[in-house]
Amino acid sequence: MTDKMAWEPLRRELDRWQAAGRVARFWLRDDDAVEPTPALETLTALAGESNVPLTLAVIPALTGEALAARLGEETAITVAVHGWSHTNHAGPEKKKQELGGERPADVLLGELREGFRLLQLLHPARFLPMLVPPWNRIDASLIPALPSLGFTALSVYGRARQDGPVPLLNTHVDIIDWHGTRGGRGEAELVAELVAELRDRFAGSEEPVGVLTHHLVHDAAAWDFLSALFAVTGRHPAVRWSSASELLEHVAQ
């Protein structure tokens with residue numbers, strides 16, 4: 001169950017945006033999609049009922065025709081490239097990373113090229129040429145080569161800097177407590193993060209607020225948070241949920 005009072009700070013902040021005649025932009029990215037599952041059905045239904053466009057970061061090496069068939073008639077879902085196999089190649093004392101400096105660059109770029117090709121073939125109508133590195137980490141030396149592979153955007157976590165070789169469309173609020181319960185984080189904490197992001201945007205940043213989910217590990221708290229977030233924002237005139245494709249078109253202009 002959700003705590004309605006926990007959402008009051010977000011409502012007040014959105015009311016401030018409305019009074020100023022401004023609209024806050026949100027987008028939704030969900031990582032680690034591979035195949036149809038009950039959790040994926042819950043996510044797609046929730047997003048669909050709330051008219052929230054969804055970007056699925058799909059793991060190329062682990063997916064196939066089943067997911068392609070399931071998404072075949074979806075119109076508000078885009079598919080991005082989530083690395084290659086979501087395999088950690090970092091040392092035991094380092095943060096997890098698939099696209100790090102532990103392996104030759106030509107090997108890494110070859111995997112990304114194959115992942116791009118595979119998802120483009122499986123999801124021609126929904127494919128978005130955006131790279132979502134596993135664990136939101138990528139060696140900086142690889143980024144200049146992304147356009148040669150066909151990628152037109154990169155999505156990681158945190159505030160974006162738009163001075164690289166490809167546009168950044170980042171996420172900023174991760175609803176999962178990775179270092180604790182590995183389920184949904186507390187509503188009050190997440191609402192406070194959303195409000196902080198919105199205040200930053202109100203002060204001048206034009207970066208959309210990205211919400212990050214991982215449907216395969218969602219518990220009741222995570223689903224309740226998403227339901228409440230969509231309800232609060234969906235009814236508010238100062239909010240627009242946008243697709244990743246739409247946002248990237250805006251960046252390119």
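In this text, all values refer to a predicted model and were calculated from it rather than measured experimentally.
Among pairs with a residue in residues 49-69, none fulfils ring-ring contact (aromatic ring centres under 6.0 Å, His included), at least two apart in sequence or across chains. Residue pairs meeting the salt bridge (Lys or Arg N to Asp or Glu O under 4.0 Å) criterion with at least one member in residues 35-54, sequence neighbours excluded, are E41-R70. The list of salt bridge (Lys or Arg N to Asp or Glu O under 4.0 Å) pairs with a residue in residues 146-158, not counting sequence neighbours, is empty. Residue pairs meeting the salt bridge (Lys or Arg N to Asp or Glu O under 4.0 Å) criterion with at least one member in residues 98-108, sequence neighbours excluded, are R103-E111. Among residues at least two apart or in separate chains, ring-ring contact (aromatic ring centres under 6.0 Å, His included) pairs with a member in residues 22-71 are F26-W241. Applying the ring-ring contact (aromatic ring centres under 6.0 Å, His included) rule to pairs touching residues 88-117 yields F116-F127, F116-F151, sequence neighbours excluded. Sorted by first and then second residue, the ring-ring contact (aromatic ring centres under 6.0 Å, His included) pairs involving residues 188-214 (not counting sequence neighbours) are W17-F202, W178-H214.
With sequence neighbours left out, R159 forms a side chain to side chain donor-acceptor pair (under 3.5 Å) with E197, D200. Residues passing the ring pair (Phe, Tyr, Trp, His ring centres under 6.0 Å) test with H123: none are found, sequence neighbours excluded. Considering only residues two or more places apart in sequence or on other chains, D139 meets the side chain to side chain donor-acceptor pair (under 3.5 Å) condition with S141.
The hydrophobic cluster of L216 has no other members, since no ILVMFWY side-chain heavy atom comes under 4.5 Å of it. By the 4.5 Å side-chain criterion applied to Ile, Leu, Val, Met, Phe, Trp and Tyr, V34 is assigned to a cluster that also includes I59, L62.
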